[in-house]
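Before any comments, here is the structure.
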Amino acid sequence: MEIKLDGQQKWRNTMKFIHISDVYLGASPDADRAWGRERKTELLDTFDRLVDLAREREVDLLLISGNLYDTPPDTAELDRLDAKLSELPITRTIIVAGNHDYITEDSAADLYEFSSNTVVMPGDSFSNAYMEDLNVCITGFSYGKPGYGEDMVSDITPQMEEAVNILLACGGTSETMPFDLKKIAGAGFDYCGLGGIRKPRHIVKNKMAYPGALEPMGCMDTGRRGFIYGEIENGTVRIKWEPFNYRSYVNLGFEVKEGYSAEKIESILTGQMEKMGSQNIYRILLSGEMGKGVKPDFSALKRAYNIYEILDQTYCGFNKDKLYLDNRSNLLGSFIESFDDKNDEISRKALEYGISAIWATGER
Amino acid sequence: MYINKLILKEFGKFNNRELKFKPGLNVVYGRKDSGKTTIGEFVPGMLYGIDKQRSIGSRQDHYQMRKPVGGKGYLGKMYVTNGGKSHLLERNFSRTYDGAALTEIETGKAVQLKHNNSYNDILFDTDKSTYMNSMYITDAPVPEAELPDYINTYTGHMIEAQSPDINKENAIKYLNHERKKYIDKKLEAELNQVKGELDEFPDVDKNLEDIREERREELDAYNIEIARLKREARQLLDEEKSEIPDEDEDRERERIFLEVDALVEDNEPEKKKLSDNPFIIMLTGIMVVVVVMLMTHLLDFQKSVQQLFAICTIAFVAITIIDGMYRKGIISGDDATPDEEEFERTLYELGRATESRTVRIEIDKEFQDNHDAKLAELKAREEIAVEDRDAYYELKDRYKKLLERFNILETEKNAIDMAIGKIKGISSEISANLSTSLIANISENICAITEGRINGVSLDEENHLSVIINDRAAALEALDTDSLKKLYLAVRLSVAQLLKTERLPLVMDVNLKAYQLTTLLNCLSKIDTDQIILLTDVDMRKSLDEMSINYEYVEL
């Protein structure tokens with residue numbers, strides 16, 4: 001199928017685009033957490049911010065390579081999208097559906113007619129969108145079901161000679177749609193905009209990339225999230241990834257030292273979270289040696305900050321004599337006993353290491 | 001040892017609750033949530049204390065769990081009889097005031113404890129880990145679905161570490177992970193590179209010393225030659241009493257000359273000066289006075305002025321003459337012999353005077369050139385050798401610093417290796433001692449508990465347990481929950497039979513509905529102990545009475 005968009009500008013040598021994927025509008029990450037409700041709204045807000053940015057930068061194309069929605073959108077959601085995209089005076093938006101927002105026949109996305117300058121590639125097939133004024137041909141595949149399990153994309157080739165050819169496709173995992181990235185990279189497209197993976201990946205320089213999600217979707221999505229900004233000048237593509245997420249999931253490792261009081265631990269963590277951004281969501285990983293009787297109370301911290309979980313992997317400051325007394329018949333006791341007559345530096349250290357290891361890995 | 005009485009002063013939900021026990025079987029009956037487990041935990045708590053934080057083997061925070069509800073204290077008492085003697089054990093569990101005391105009932109005297117807050121080595125020798133794993137038997141603390149894994153882990157850890165709570169494999173993994181932190185390949189590469197560069201250097205000190213020695217030898221040889229020439233020149237002077245004649249121009253071009261001192265003796269007597277005669281001096285003075293007076297007279301000065309001139313001139317001349325004569329020693333009364341210092345100065349001045357008398361000695365130009373070239377070459381070599389030496393020591397200094405850093409890392413790695421080696425060694429010993437007998441015990445017990453349905457168990461190389469049913473091995477996952485619970489009990493009873501070394505009270509807090517009472521009691525009878533405390537929500541009095549078993553019954 002071929003879709004032609006009416007040119008609004010004369011043919012230009014230079015054009016700009018923004019490429020995003022995996023926005024998951026409508027999703028509720030961390031729904032069971034205190035910040036769950038905000039996160040749902042945040043996804044919409046971040047997308048709106050991105051559209052505003054596209055308008056500011058006067059990009060020619062907004063490319064969305066799958067999973068704009070978390071589930072197939074209804075008409076109301078599409079109305080909102082259309083309204084927002086209508087704010088783009090010169091930008092054309094090309095959307096392919098992914099494994100989350102696949103387009104079935106007669107679904108809202110299938111039937112919807114956008115008043116904005118937007119094209120949603122029909123489900124379950126390849127389509128081309130050619131923009132004469134830009135001399136850009138976009139080839140894309142929209143999902144018609146949640147997953148294919150087979151490679152539908154790798155054999156596709158550029159559809160317009162003499163034009164800038166862009167491929168939009170979603171997948172890359174065995175469940176959704178495995179890709180032969182090498183084959184796609186060699187197919188001759190000027191740019192392959194991929195989606196379906198939440199972590200950004202620049203696969204072939206200036207030629208093939210996953211922008212990743214716009215916002216992290218769970219505690220495993222650590223690090224920044226964002227979009228790809230690209231420029232095409234005389235057929236040469238240059239892209240760069242820009243962070244754009246409102247908040248991040250941060251694994252905050254903290255090594256507790258002997259002698260730290262509960263208050264000190266709480267205060268250091270507070271300072272660190274303030275420094276890194278109180279809007280972020282933290283997984284605190286405590287390691288090191290917790291002093292005897294030190295028991296930090298994290299309830300106030302949990303109320304003040306977004307703390308996903310606190311993993312306490314500290315071991316308590318051990319009293320060697322007490323440990324020996326309680327364990328003298330087992331491996332730990334025998335280990336301690338084996339150093340009875342040793343006082344050299346290596347033996348002292350070996351004793352500490354051994355006790356720490358047995359302690360830290362013991363069944364608790 | 002057996003318990004006579006427990007007093008839960010303030011412990012968990014109990015407040016001043018007393019429970020009396022007797023030697024042999026004690027059945028503590030209570031419905032769900034009546035506090036059976038609290039009673040069960042109170043016994044090891046009294047014997048060994050409760051950890052204030054979760055330590056190895058503490059799957060739950062027992063300290064918090066058994067903290068008295070609403071009470072301020074956290075106390076308990078226990079009366080025991082041990083070897084015919086009765087003792088009162090008192091323990092304060094609270095974090096701030098924790099402490100243990102022991103009183104001998106008959107004498108009323110406090111017994112000094114050997115270890116802080118511990119009755120170990122006074123009342124019993126069994127350590128806490130052994131007691132908890134052998135004499136405190138509970139159901140598996142995991143959901144039913146996790147039972148196969150838990151039983152495997154329990155048995156595996158027991159065989160490897162003699163404690164289900166110690167994970168030897170993970171401890172070694174942890175240590176290997178720690179070890180990686182001390183591997184600095186960049187540092188090692190740099191160290192090897194610097195070492196290689198150092199090895200390429202020759203012995204820089206010897207090299208430099210050899211060059212300097214060579215220079216000294218060269219200078220010595222040169223000086224010897226010069227000295228020889230000097231001697232020859234002096235001999236020549238002595239013989240001819242004259243200077244060596246100058247050479248003609250051509251010869252001068254081909255030869256160079258060195259000035260050397262020559263000792264020339266000068267015996268010519270000194271002539272007497274006219275000014276040394278005092279009469280001449282005085283006559284001269286008179287003449288000066290006369291001339292001045294004549295001049296003043298001729299110039300027609302006033303008489304008084306003439307007289308003044310005459311007086312001044314006479315005074316001046318007189319002073320000059322006296323001073324002059326004094327200087328010449330004519331009127332000095334001192335001894336004319338010079339002192340030692342003056343003598344030496346005179347000798348020095350005499351020596352200086354003779355130096356001006358020099359001779360020229362011929363030196364072969366080729367010899368001099370060779371000497372100069374040799375010195376220049378040695379100097380150049382010395383400069384290079386000094387540079388080499390400085391570079392060597394600079395590199396050596398760098399190597400030393402790198403080595404120091406490397407050795408710090410090596411120490412840590414060696415310590416970790418030592419820890420790993422010891423853990424592995426001790427674990428192997430434990431396995432060798434325990435595995436066969438433990439598996440035999442488990443087989444016997446599971447066969448008894450399941451009344452022969454499960455014939456026994458076997459252990460593979462990775463310490464995974466399999467059950468034998470009808471002579472066929474089956475994975476634990478194939479067993480139903482009921483069989484798994486029985487297997488776990490068989491494992492616990494087997495561990496108790498194996499590890500128990502003293503007749504301490506055995507506490508059993510399991511769901512007895514799953515077991516045949518007769519079979520269970522048979523298995524328990526194999527554990528040689530003075531007292532069994534059975535915590536149950538099954539009223540088993542009738543069954544026990546039917547079996548004519550003596551028991552003490554306590555209802556919560």
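All of these numbers come straight from a predicted model, not from anything done at the bench. Both backbone and side-chain heavy atoms feed into the values below; hydrogens, waters and symmetry mates do not. Here is the naming used below: chain letters follow the sequence lines, and residue numbers restart at 1 for every chain.
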- Task: For the pair B:M418 and A:I346, evaluate side-chain contact (heavy atoms from CB on, under 4.5 Å) and give the outcome as yes or no after the intermediate values.
- Result: CA-CA 8 Å; B:M418 183 187 271; A:I346 291 181; 3.9 Å; yes
- Message: Distance check, rounded to the nearest 0.5 Å: A:I358 atom CD1 versus B:S163 atom OG?
- Response: 10.0 Å
- Check for a donor-acceptor pair, side chain of A:R328 on one end and backbone N or O of B:D125 on the other, with a separation under 3.5 Å. yes
- Note on the structure: Heavy atoms of A:A357 and B:A171 approach each other most closely as CB-O, 3.6 Å
- Message: Tell me whether the count of non-hydrogen atoms from other residues, nucleotides or ligands lying under 6.0 Å of NZ in B:K424 goes above 12.
- Response: no
- Query: Can you tell me how far CG of A:D326 sits from CG of B:N120, rounded to the nearest 0.5 angstrom?
  - Reply: 7.5 Å
- Message: Would you say CZ of A:R348 has more than 12 non-hydrogen atoms from neighbouring residues, nucleotides or ligands within 6.0 angstrom?
- Response: yes
- Honestly, the part of B:I423 sitting under 4.5 Å from a heavy atom of chain A is both
- Message: Quick check for you: to the nearest 0.5 Å, what is the distance between A:L331 atom CG and B:I166 atom CD1?
- Response: 5.0 Å
- Counting heavy atoms not belonging to A:M276, are there more than 12 under 6.0 Å from its CE? yes
- Item | Side-chain donor or acceptor of B:D127 paired with backbone N/O of A:S329 under 3.5 Å | yes
- Note on the structure: The reported gap from CD in B:E429 to OG in A:S334 (rounded to nearest 0.5 angstrom) is 8.0 Å
- Applying a strict 4.5 Å limit to non-hydrogen atoms, the region of B:E412 in contact with chain A is both
- Task: Taking atom CZ of A:R224 as the centre, report whether more than 12 heavy atoms of other residues, nucleotides or ligands fall under 6.0 Å from it.
- Result: yes
- Message: Rounded at 0.5 Å granularity, tell me how far CH2 in A:W359 sits from OH in B:Y174.
- Response: 12.0 Å
- For atom NZ of A:K207, is the number of surrounding heavy atoms from other residues, nucleotides or ligands below 6.0 Å larger than 12? yes
- Note on the structure: Between B:A419 and A:F335 the two heavy atoms that sit nearest each other are O-CE1, 3.7 Å
- Note on the structure: Output for pair (B:K114 NZ, A:L325 CG), nearest 0.5 Å, gives 11.5 Å
- Distance only, no hydrogens: is a donor on one side chain within 3.5 Å (strictly under) of an acceptor on the other, for A:N330 and B:S129? yes
- Counting only heavy atoms closer than 4.5 Å, note whether A:F339 contacts chain B via side chain, backbone, both or neither. side chain
- Query: Taking atom NZ of A:K40 as the centre, does the number of heavy atoms from other residues, nucleotides or ligands within less than 6.0 Å exceed 12?
  - Reply: no
